[in-house]
Amino acid sequence: MKRTPLYDCHIRLGAQMTDFGGFEMPVRYSGDKIEHMAVREKVGLFDVSHMGEILIAGPRAEEDVNHLLTNDASKMRIGQAFYAAMLNHEGKFIDDVVAYKFSSEKFLICVNASNREKDFSWIHENCNYAKDVSDDFAQIAVQGPNAIHLVASLSHKEIGSLKRYYFVEGKLKLDQQSTDAIIARTGYTGEDGFELYVPVEDATLVWETLLNVGAKWGTAACGLAARDTLRLEAGLCLYGNDIDEGTTPLEAGLDFVVKFHKSVPFIGRAALLEQKLHGISKRLCGLEISGKGIARNGYTIHAKTGEQIGVVTSGTLTPYLNRAVALGYVSKAFMSIGTEIDVDIRGRLIAAQITQLPFYRKPAKELL
Amino acid sequence: MTALIPSHLRYTKEHEWAWLQDGNIVTVGITHHAQQQLGDVVYLELPQIGKTIEKDKIFGTVESVKAVSDLFSPLAGEVVAVNEALVNCPEDINQDPYEKAWMIKICIQQLKQLDELMDSEAYAQYLSECIK
């Protein structure tokens, strides 16, 4: 199993480790709820160095990105990051990614750890120049309302005015030195926050500096368990659970990242357009369980008549909202908000309802 | 490690503990390791008093934010007590798995069955192999 550059830090902190996407990753340090709440109320640090980074560069980089991803790279500004789907010819997910536009000739694509090899070979086949630069970076996510104070205190550049989904190439002040960093106002928790891409050799010092300097803002190291409950509470998809090579972005409710009209069409456009014209037969919906129990991946969803109408893809008891919620694909006829349904929780039908996504949304004035 | 694996208890491979107290009454719960693997526990389901349960068969379920896990009975017998307070406050499983978070008491027929369970040393050895 692979280890991230921060492996020793996790062991020193007494983290419980688990296999995730081929990496030995921290699942929790103190406790899932404590870590979840730290991110909602203060600030949490996540080692996300397992994520892959693929560079697309050259004079035709922007066209290549437009060809590979569903979002419109030409509409993005330099210094802007954007979420997108990368689809196969059937319009189904190879991966969901965040792309960073450094110029029209240089993009960095952040991909899921478990998809890194698959993504690279797909990107390589379908563009002019691509390089897997995953091993050059450690990535640390700093998430929560106090993230701005912590990251600003270390950044040479002013970052308070950095808008959400924008990034800068800057430096972070560490003890006696400084390190280069891509500072992006992005995240996967539903909170304000940053993702820091730093050189592998400085990763430990960055992590420890963030923890030490961050103590006064209530900084907590957070594991994958909290990352999962945070993203789910925020209604964000997880590749492998909620989206995969069997689903399309229209079914996943990700229409907003699919741009049918751009200078270079994306792979999978024809199939998606066809689906758009005919209409989808199922869609990813939010569910709230009103009875006792938690709906888990693979549990079946039923109409009140008993007929199966869908399948749960992710579920938990959300620590902040303290509600049992889930994501699942539900047949078209049952997907309107408020529809009463049942979930088969280990042989028992438990009452649930189709509910608005996201389950948790930070009030707009608190997010830039 | 000894505080995490009390020496007066017997253990199963499924990470339950059993404690023979008076006569043939055995108290059952899950180990420190089990609660640690689960993370924050949110639900617990236990059998009714009077139910007959079989060795190595499911007697309940414990559910955390992260996962759901079946509870396996270390021994065969009749359930004579259920920790109802724990059902209402399952987070005690994380706080105090060996005392406050006892789950059920079973009246067992054959005391010999206890010998088939691991003692604390054997369980510690088993855990170190699991973690590897």
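So you know, we letter chains A, B, ... as the sequences are listed, proteins then strands, and number each from 1. Keep in mind it's a predicted model, so treat the numbers as computed, not measured.
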* Just one of D32(A), L317(A), N322(A) clears the side chain to side chain contact (heavy atoms under 4.5 Å, CB included) bar with V42(B), so which one? -> L317(A)

* Gap separating the CD atom of Q16(A) from the NE2 atom of H33(B), nearest 0.5 angstrom -> 8.0 Å

Just checking [X]: does its [atom1] atom have more than 12 heavy atoms from other residues, nucleotides or ligands closer to it than 6.0 angstrom?
X	atom1	answer
K55(B)	NZ	yes
K2(A)	NZ	yes
R346(A)	CZ	yes
Q353(A)	CD	yes
Q21(B)	CD	yes
W217(A)	CH2	yes
K57(B)	NZ	no
K282(A)	NZ	yes

* Asked: For E45(B), is it the side chain, the backbone, both, or neither that has a heavy atom closer than 4.5 Å to a heavy atom of chain A?
  -> side chain

* To do: Answer with side chain, backbone, both or neither: which region of T61(B) has an atom nearer than 4.5 Å to a non-hydrogen atom of chain A?
  => side chain

* Asked: Any salt bridge between D40(B) and R28(A), counting N to O under 4.0 Å?
  -> no

* Asked: Under 4.5 Å between any side-chain heavy atoms of K66(B) and T316(A), yes or no?
  -> no

* Close contacts, residues 287-299 of chain A versus chain B, judged by heavy atoms under 4.5 Å -> K292(A), G293(A), I294(A), R296(A), Y299(A)

